[in-house]
Amino acid sequence: MRMSQHFGQTLRNAPAEADTEGYRLLLRAGFIRQLAAGIFSYLPLARRSLTKIENIIRQAMNDIGGQEVTMPVVHPGDLWRETGRWYTIGDELTRFQDRNERDMVLAMTHEEVVADLVRHEISSYRQLPRLIYHIQTKWRDEPRPRAGLIRVREFTMKDSYSLDQDEEGLDKQYRAHFQAYFDIFHRCGLPVIAVRSDVGMMGGSMAHEFVYLNEIGEDTLFICDNCGYAANREVATFNRPEAIDEPPQPLEKVATPNTPTIEALAQFLDIPKSKTAKAVFMMATVADETGNHEQFIFAVVRGDMEVNETKLANAVRAKSLRPATEAEIRAIGAEPGYGSPVGVHDCLIVVDTAVTISSNLVAGANEAGYHYRNVNHGRDYEAHIITDIVSAYAGAPCPQCQHSLKAVRGVEVGNIFKLGTRYTEALGATFLDKDGQSRPVVMGSYGVGIGRLLACIAEHYRDENGLKWPITVAPYQVHLIVLPGDETAPIAEKLYVDLQAAGVEVFYDDRDERPGVKFKDADLIGIPLRLTISKRSLEQGGAEYKRRDSDERSIVPLDEVIAHVQAEIKALQAVIDTEVKPVPFRA
RNA sequence: CGGGGCGUGGCGCAGUCCGGUAGCGCGCUUGCAUGGGGUGCAAGAGGCCCCCGGUUCGAAUCCGGGCGCCCCGACCA
């Protein structure tokens with residue numbers, strides 16, 4: 001492409017809304033433009049990089065047996081009613097009516113359509129396993145888009161769906177994706193880690209996220225530097241301290257004026273927070289045959305720990321949780337700020353395991369200004385559910401090796417889910433097995449956010465002058481600059497033509513601009529290799545060659561330029577290839 | 001949904017408190033000079049001051065209502 005013909009310009013000043021550096025550079029270099037909150041246009045440079053990313057993904061998917069399809073962006077609402085998600089998903093699912101007043105939705109994901117296809121196309125075990133995928137626009141009306149391309153409302157995603165007879169087949173395809181995803185991200189030059197994650201609104205039995213570790217991310221992860229344990233905050237566990245073998249003491253009511261918080265209580269009684277039990281009151285929305293209803297949840301955790309709402313919601317199979325009101329708290333016999341499970345009624349008591357192995361805790365007396373000393377689970381109250389409902393924290397002991405966990409931020413660029421039969425059962429997508437038995441197809445779903453991946457690469461490969469694309473995803477391979485001089489123009493023109501004829505992707509700056517402008521733009525756009533034809537370079541015997549990631553410049557004789565460039569591209573590619581290697585599966 | 005900020009040529013901003021001819025830098029156009037790190041000089045083009053209503057002789061500025069964008073939180077396959 002001749003830069004004189006190129007659509008899109010570089011900017012000296014980035015628009016004010018750009019807050020992360022990678023986003024600023026993508027705007028300044030003319031890759032993307034924002035149309036509305038969380039809605040972007042991709043200009044030619046970005047489009048070329050996206051196409052390369054997509055093709056890397058296509059190859060990886062095809063390599064594990066994937067077949068590309070395209071599924072619609074607009075779905076009938078009835079299909080989403082059949083799986084129940086019409087009712088369970090809130091405003092992030094955009095609904096509208098067509099001219100005949102039929103309910104429609106904008107696709108935020110495609111499980112429904114896949115299951116619908118499956119029920120029409122798959123009838124026999126002979127047609128399984130299968131893997132289909134597509135690269136398609138999705139719409140999620142996020143409450144708060146942010147950080148440029150990291151969290152958007154309209155986005156392109158590769159999503160694949162595995163179809164199997166049984167769990168065993170699913171596991172095989174799941175593991176194939178696990179490796180394929182590492183291959184994809186490594187070919188794009190992006191370092192990622194895989195972490196266990198919550199299955200969330202997708203439902204299912206196992207899920208991993210692929211995370212690019214960076215402060216701009218909005219996922220909090222807990223990782224162990226010692227053994228490699230890594231998990232999303234939503235599911236991260238840690239090793240509970242050993243039970244303190246302390247004989248139960250008699251229950252004792254004590255006056256504790258003005259101590260509605262654990263902080264104040266521990267200070268007032270001069271005890272560590274770990275010797276207290278904290279009551280957290282939530283209202284859970286639970287669905288059963290009769291529809292949705294609310295259930296009061298009385299969660300008990302040790303005073304030094306925090307309730308993890310995802311874990312709690314999973315423990316009680318709630319669709320959603322909200323804090324209980326003071327009136328609701330009093331209605332079960334508790335008192336805000338002084339609550340304990342001792343003597344409450346009409347609620348589901350969920351107790352964290354750390355509480356059940358601790359004895360003689362201080363807990364509320366369900367009366368303002370009073371607490372009980374020596375509260376013991378099993379003697380003073382019974383839990384309905386005992387499980388892990390607290391968040392891991394920085395410094396907590398690793399569940400695998402006891403080493404101290406570290407909290408880090410990251411961006412989720414991909415995920416893999418074992419869905420099971422949730423969607424196929426709901427839609428009646430069944431097949432006949434060898435024995436003639438009708439069984440639901442077992443599904444997995446696997447996503448990669450394409451734009452988000454581009455944004456992460458931009459964030460990772462940059463310096464103070466601009467972007468520095470890895471060769472595999474760079475919009476062009478070579479940035480050719482021509483500077484004024486008697487012979488420079490015809491030589492550069494010929495080089496431009498010859499490089500392209502040799503299969504090299506060239507971005508040719510043929511504009512009438514000052515040298516400084518051209519060099520600044522080249523650095524900003526970040527194409528990996530740069531060639532300059534100038535009076536000076538010709539005097540020195542050829543073209544000046546420079547890599548974006550190095551300050552070294554060299555002169556390459558004109559008749560060797562093409563071979564040199566091809567060799568350099570190959571060398572850069574080889575560096576990427578060494579990163580693409582098997583990664584052991586961690587469940 | 002709660003809290004905060006912002007909305008003025010393409011981009012970045014000043015002007016708003018205290019109402020009186022709409023400004024600056026960058027970019028853009030033209031010319032001359034320059035020609036290896038966003039060059040210099042000169043002359044230009046370009047604005048429903050987010051929208052609607054109100055107050056006023058007069059509103060970018062004051063008042064009311066809306067919309068949009070950004071940040072923090074809530075939320076988030």
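- The side-chain hydrogen bond (donor to acceptor under 3.5 Å, both in side chains) contacts involving residues 29-38 of chain A comprise nothing, where partners must be two or more places apart or lie in separate chains.
- If A/Pro143 and A/Lys520 are placed on RNA chain B by their nearest nucleotide, the residue sitting closer to the 5' end is A/Lys520.
- Using N1 to N3 plus N6-O4 or O6-N4 for Watson-Crick, or N1-O2 and O6-N3 for G-U wobble, each under 3.5 Å, B/rG31 pairs with B/rC41.
- Regarding A/Asp463, its CG atom lies at a distance of 14 Å from the C1' atom of B/rG37, rounded to whole Å.
- In this structure, A/Met282 atom CE and B/rC75 atom C1' are separated by 13 Å, rounded to whole Å.
- For the pair A/Glu218 CD and B/rC71 C1', the computed distance is 14 Å after rounding to whole Å.
- Tested against A/Phe31 for a ring-ring contact (aromatic ring centres under 6.0 Å, His included), the candidates A/Phe40, A/Trp469, A/Phe7 yield a single pass: A/Trp469.
- Applying the 3.5 Å distance criterion, the base of B/rG37 shares no donor-acceptor pair with the side chain of A/Asn465.
- If you check every strand for non-hydrogen atoms under 4.0 Å, A/Asn232 touches nothing.
- In this structure, CG of A/Leu11 is placed 13 Å from C1' of B/rC28, rounded to the nearest angstrom.
- Taking atom P on both nucleotides, B/rU30 is separated from B/rC71 by 38 Å, rounded to a whole Å.
- When the C1' atom is compared between B/rC52 and B/rG7, the two are found 16 Å apart, to the nearest whole Å.
- Protein atom NZ of A/Lys518 is 11 Å distant from nucleotide atom C1' of B/rG35, rounded to whole Å.
- Look at the P atom in both B/rC11 and B/rC70: the space between them is 14 Å, to the nearest Å.
- In this structure, A/Ile89 atom CD1 and B/rC75 atom C1' are separated by 14 Å, rounded to whole Å.
- Rounded to whole Å, atom P of B/rG27 lies 13 Å from atom CZ of A/Arg28.
- Nearest to the side-chain atoms of A/Arg530 among the listed nucleotides B/rG35, B/rA74, B/rG37 stands B/rG37.
- The side chain of A/Arg144 contributes an N or O atom lying less than 4.0 Å from OP1 or OP2 of B/rC72.
- If you check B/rC26 for Watson-Crick or wobble pairing at under 3.5 angstrom, you find it paired to B/rG10.
- For A/Arg553, the side-chain atoms get nearest to B/rG37 when compared with the rest of B/rC75, B/rG38, B/rG37.
- Nucleic acid contact class of A/Tyr23 (heavy atoms, under 4.0 Å, all strands): none.
- The residues A/Lys138 and A/Glu154 are annotated as not salt-bridged, no charged nitrogen and carboxylate oxygen being separated by less than 4.0 angstrom.
- Nucleotide B/rC76 forms no Watson-Crick or G-U wobble pair with any nucleotide shown, as no partner meets the under 3.5 Å limit on both distances.
- Nucleotides B/rC75 and B/rG66, compared at atom C1', are 26 Å apart to the nearest Å.
- Remark: the separation of the P atoms in B/rG12 and B/rC32 is 33 Å, to the nearest Å.
- Of the listed residues (A/Phe417, A/Tyr181, A/Phe585), just one forms a ring-ring contact (aromatic ring centres under 6.0 Å, His included) with A/His208, and that residue is A/Phe585.
- Considering only the side chain of A/Asp19, B/rC71 comes nearest among B/rG38, B/rC71, B/rG12.
- By the 30° and 60° cut-offs, the orientation of the rings of A/Phe281 relative to A/Phe298 is perpendicular.
- Under the side-chain hydrogen bond (donor to acceptor under 3.5 Å, both in side chains) criterion, A/Arg28 pairs with no residue at all, not counting sequence neighbours.
- For the pair A/Asp523 and A/Glu142, nearest-nucleotide mapping onto RNA chain B gives the more 5' position to A/Asp523.
- Heavy atoms of A/Pro484 sit under 4.0 angstrom from at least one base atom.
- Residue A/Gln9 places its side chain closer to B/rG27 than to any other of B/rG27, B/rC76, B/rC11.
- Looking at A/Glu112 and A/Thr83, their side chains do bring a donor and an acceptor atom within 3.5 Å of each other.
- Taking the six-membered ring for Trp, A/Phe178 and A/Phe210 have ring centres closer than 6.0 Å.
- Counting non-hydrogen atoms under 4.0 angstrom, A/Ala522 reaches nothing in the nucleic acid.
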Would you list the protein and nucleotides 66-69 of chain B atom pairs, both N or O, that sit under 3.5 Å from each other?
from, atom 1, to, atom 2, distance (Å)
B/rC69, OP1, A/Ala37, N, 2.8

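- B/rC24 sits 12 Å from B/rU8 when the C1' atoms are compared, rounded to a whole Å.
- As rounded to whole Å, 12 Å separates atom P of B/rG27 from atom CZ of A/Arg514.
- Checked by atom type, the side-chain pair A/Asp159/A/His134 shows a donor-acceptor distance below 3.5 Å.
- A donor-acceptor pair under 3.5 Å links the side-chain atoms of A/Arg409 to the main chain of A/Gly217, judged by distance alone.
- Using a 4.0 Å heavy-atom criterion, one finds that A/Leu27 contacts no nucleic acid atom at all.
- Taking atom P in both B/rU29 and B/rC69, one finds a spacing of 31 Å when rounded to whole Å.
- On the P atoms, B/rG3 is 26 Å away from B/rA14, given to the nearest whole Å.
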